[in-house]
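In what follows, a single structure is set out as structure tokens and then discussed.
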Number of protein chains: 2
Amino acid sequence: MTSSRNDCLALDAADALAPLRAQFDLPKDVIYLDGNSLGARPIASAKRAQEVITGEWGVGLIRSWNEADWFALPRTLGDNLAPIIGAGKGEVVVTDTTSSNLFKVMAAALDAQRERSPKRKVVISERSNFPTDLYIVQGLTRLLDDGYSLRLIDSPDELQSALGDDVAVVLLTHVNYRTGAMYDMKARTAEIHASGALAVWDLCHSAGAVPVDLNGADADYAVGCTYKYLNGGPGSPAFVWVNKKHQDTFWQPLSGWWGHRTPFAMTPEYTPDDGIGRYLCGTQPIVSLSLVQCGLDIFAQTSMDALRRKSLALTDLFIKLVEERCAEFPLTLVTPRDHASRGSQVSFEHPEGFAVIQALIARGVIGDYREPRIMRFGMTPLYTSFADVWDSVEILRDVLSTGSWDKPEFHRRGTVT
Amino acid sequence: MTSSRNDCLALDAADALAPLRAQFDLPKDVIYLDGNSLGARPIASAKRAQEVITGEWGVGLIRSWNEADWFALPRTLGDNLAPIIGAGKGEVVVTDTTSSNLFKVMAAALDAQRERSPKRKVVISERSNFPTDLYIVQGLTRLLDDGYSLRLIDSPDELQSALGDDVAVVLLTHVNYRTGAMYDMKARTAEIHASGALAVWDLCHSAGAVPVDLNGADADYAVGCTYKYLNGGPGSPAFVWVNKKHQDTFWQPLSGWWGHRTPFAMTPEYTPDDGIGRYLCGTQPIVSLSLVQCGLDIFAQTSMDALRRKSLALTDLFIKLVEERCAEFPLTLVTPRDHASRGSQVSFEHPEGFAVIQALIARGVIGDYREPRIMRFGMTPLYTSFADVWDSVEILRDVLSTGSWDKPEFHRRGTVT
């Protein structure tokens, strides 16, 4: 039973992860429930940025490509990130954006199928997938101009019947950005493989949020970002993983010089590097890339199992408190109650969700809004406390009961909602 | 006549651009002649990074996408960069890497030709082009798998005869990375257009180095980096330009959500933004991206014409002093003597160029080496002084005359040469 703020404070006092919060810079007047969109700032990032900027760039200048190992950074960070997603050394690189990595991966998967099963020309994904995933497939299939198409399913239940001998690749996002619903990666991958298709997983809302076991699931390819639960910084470079069994055979078209076997030989013919290196393309933004390590350093102090236990406790508590204490308001839980199907966020629909979120932000509770009508609250066990959950629900109750959300300024849309 | 160090000091004293050097952090023990590979650090970058990291990210958190205009940054920086390359407002975005931007641009150009002249399936470029340009075309043509091919010319003289009614696009790098030779962009573009092909220009060694007039030349597409002469920081995001006449018609396959007309409507169908915005793809590395402005702020204090005058004076002086004072050593000038054909670097061949460059670096003169046998010396008039030129040639003379380059440690190759 958690029915008072004191109960929440007791949970925080007993929480072995609670001390990790001190490694983040969180404004005192804010309850931050948007780590699912942009992770909070590791305090170490400011010092690290100064080292990279004034030391490695300013003093080291061009020499830092060797001496500060800038060129190795995508691989070093990939190795450090790997355990969080159930991957091994040499299987991950941190580079580019999720969207461009997805382009590489989808092209690689279609290329593999073109050799194996040339009649398979359909990509399956979900209509409710994060739009950029669909846009990238649309761009790629239009470019290929050879009968490739995107088939959208409206719910996970439709996957089985959508699979057929024309399907080349299934692209699924492990945890849905809107609802927080999570796929059983292992079961779905097996189902996809049984039909003869390849499985591509988008881990943007999973990496650092829930335990992921890419090798255990025998997935084929995966991409994800580092700026949400991994706290790499705004727009920090994304990651891309490929199963060892494809590593030396896959091909991808963004074949820039960083993916070449001997980039500094400067030969006119492209020869791909062995393994994961061939996913690299162009010169990476070293300052932003360097800060990814500061987030990973905090993960190295705990485990995804411990984080998962706290995450489920936080989301359970948030759901319970909202349903008990805001029962008279038109809130509908969108996120699955079943633990096995839930990521690390809680989403509620409200007819005026946009304005309610703006009113909450004005009161210091930062969640966010996604069309249509969905209010998202991300629980990030590295820095979200049980008291944060209590306080945010109390402020939500106050905003709803006073109707303070119904002001013109809370209905006004910015560029980025 | 410049025949003494005092003459060089007099040139510096009379140089109206000399005070700009104080805006860069240059180590006291270094003569930096490698701004053509990685630009020096604007002093303002450290403070700006702290503002972005501790203020915009740490305190602003997710709100900074709107409040700090992060989402607009690729366009804002593009507008600020535009005058340096003869482009207008709304014609440039700063985003992604040169390699991935080149993929977008080449796909866009081939797509345009597919509609206009479907039989044109050849891309012309130079064998001596920077390799990533060739690798990207190889990746794209393999992906298209529809008869597209890359035709390499061995020298600019071969361009005219290589042009024919099968040529879709010509991809040239304005200033060659090895030799420093510069094309006449306007004349070559006219020649390319006359044959029915489209002209794509890589400005990596031009932007901020020499006056560029993309609109004056009526070029079609252009890409370039910001981390060389523009001093944006290691691996800072690249830029992409498209001629106004193509802006609302071009299509490119890396169609991520940042290029969507209404990215936050989260609709499953991709609808490209008007104009240059459709070159955007995924979420950008905001810290690295923000630092690009620090470099542009210094360019705003002068003009490309003034920089060009000093650049030619520096490269003229460097050539003259090397040829006079190192006449007895096997150095061969690779860079054109003709001003109209010269970028902002001087390259000399030496049979042991690699070791000589390492020995120079050990003495504090930072140039770099490119296969085969080429020693590159970049002159960056924002911070290179005439005394730097004198001193570097004296140290080169000493290294060559004492044979101090011939030590085992100077023959050892690192990852990045």
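Given the structure is predicted, the values throughout are model-derived calculations rather than measurements. Note on naming: letters A, B, ... go to the chains in the order of the sequence lines (proteins, then strands), and numbering restarts at 1 for each one.
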Test your reading of the model: is there a side-chain donor-acceptor pair from [X] to the backbone of [Y], 3.5 Å cut-off?
X: B/Glu371; Y: A/Met266; value: no
X: A/Thr132; Y: B/Trp257; value: yes
X: B/Gln138; Y: A/Ser255; value: no

Most contacts with chain B, counted as non-hydrogen pairs under 4.5 angstrom, among [options]:
options: A/Leu134, A/Leu150, A/Ile136; result: A/Ile136
options: A/Gly256, A/Pro285, A/Pro131; result: A/Pro285
options: A/Cys225, A/Ser99, A/Gly139, A/Pro234; result: A/Pro234
options: A/Gln252, A/Arg178, A/Gln284; result: A/Gln284

Heavy-atom contact with chain A under 4.5 Å, split by part of [X]:
X: B/Ser290; answer: neither
X: B/Leu110; answer: neither
X: B/Ile366; answer: side chain
X: B/Trp258; answer: neither
X: B/Asn36; answer: neither
X: B/Asn101; answer: neither
X: B/Asp25; answer: both

A/Ser100 and B/Ser100, any side-chain heavy atoms less than 4.5 Å apart
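No, every pair of side-chain atoms sits at 4.5 Å or beyond.
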Close side-chain approach of B/Tyr32 to A/Leu61, heavy-atom, < 4.5 Å
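Yes, close enough: below the 4.5 Å cut-off.
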Please classify the contact of [X] with chain B as side chain, backbone, both or neither, using a heavy-atom distance under 4.5 Å.
X: A/Leu291; result: side chain
X: A/Val30; result: side chain
X: A/Phe24; result: neither
X: A/Thr98; result: neither
X: A/Thr267; result: both
X: A/Asp145; result: side chain
X: A/Ala72; result: neither

Nearest 0.5 Å, please: how far is CG in B/Leu38 from CZ in A/Arg63?
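Going from CZ on A/Arg63 over to CG on B/Leu38, the span is 11.0 Å.
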Can you measure from CG (B/Leu144) to CG (A/Leu144) and round to the nearest 0.5 angstrom?
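One gets 7.5 Å once the value is rounded to the nearest 0.5 Å.
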May I ask you to name which of [options] has the most heavy-atom pairs under 4.5 Å with chain A?
options: B/Gly282, B/Pro253, B/Ala238, B/Ser64; result: B/Pro253
options: B/Val287, B/Thr283, B/Leu26; result: B/Thr283
options: B/Gln50, B/Arg127, B/Arg142; result: B/Arg142
options: B/Tyr177, B/Trp70, B/Phe130; result: B/Phe130

Of the non-hydrogen atoms in [X] and [Y], which two are nearest, and what is the gap between them?
X: B/Leu143; Y: A/Ala107; answer: CD1-CB, 4.2 Å
X: A/Ser37; Y: B/Ile62; answer: OG-CD1, 3.2 Å
X: A/Ile53; Y: B/Arg41; answer: O-CD, 3.0 Å
X: B/Trp57; Y: A/Gly39; answer: NE1-O, 2.9 Å
X: A/Leu152; Y: B/Pro268; answer: CD1-CB, 4.5 Å
X: A/Val59; Y: B/Pro27; answer: O-CG, 3.7 Å

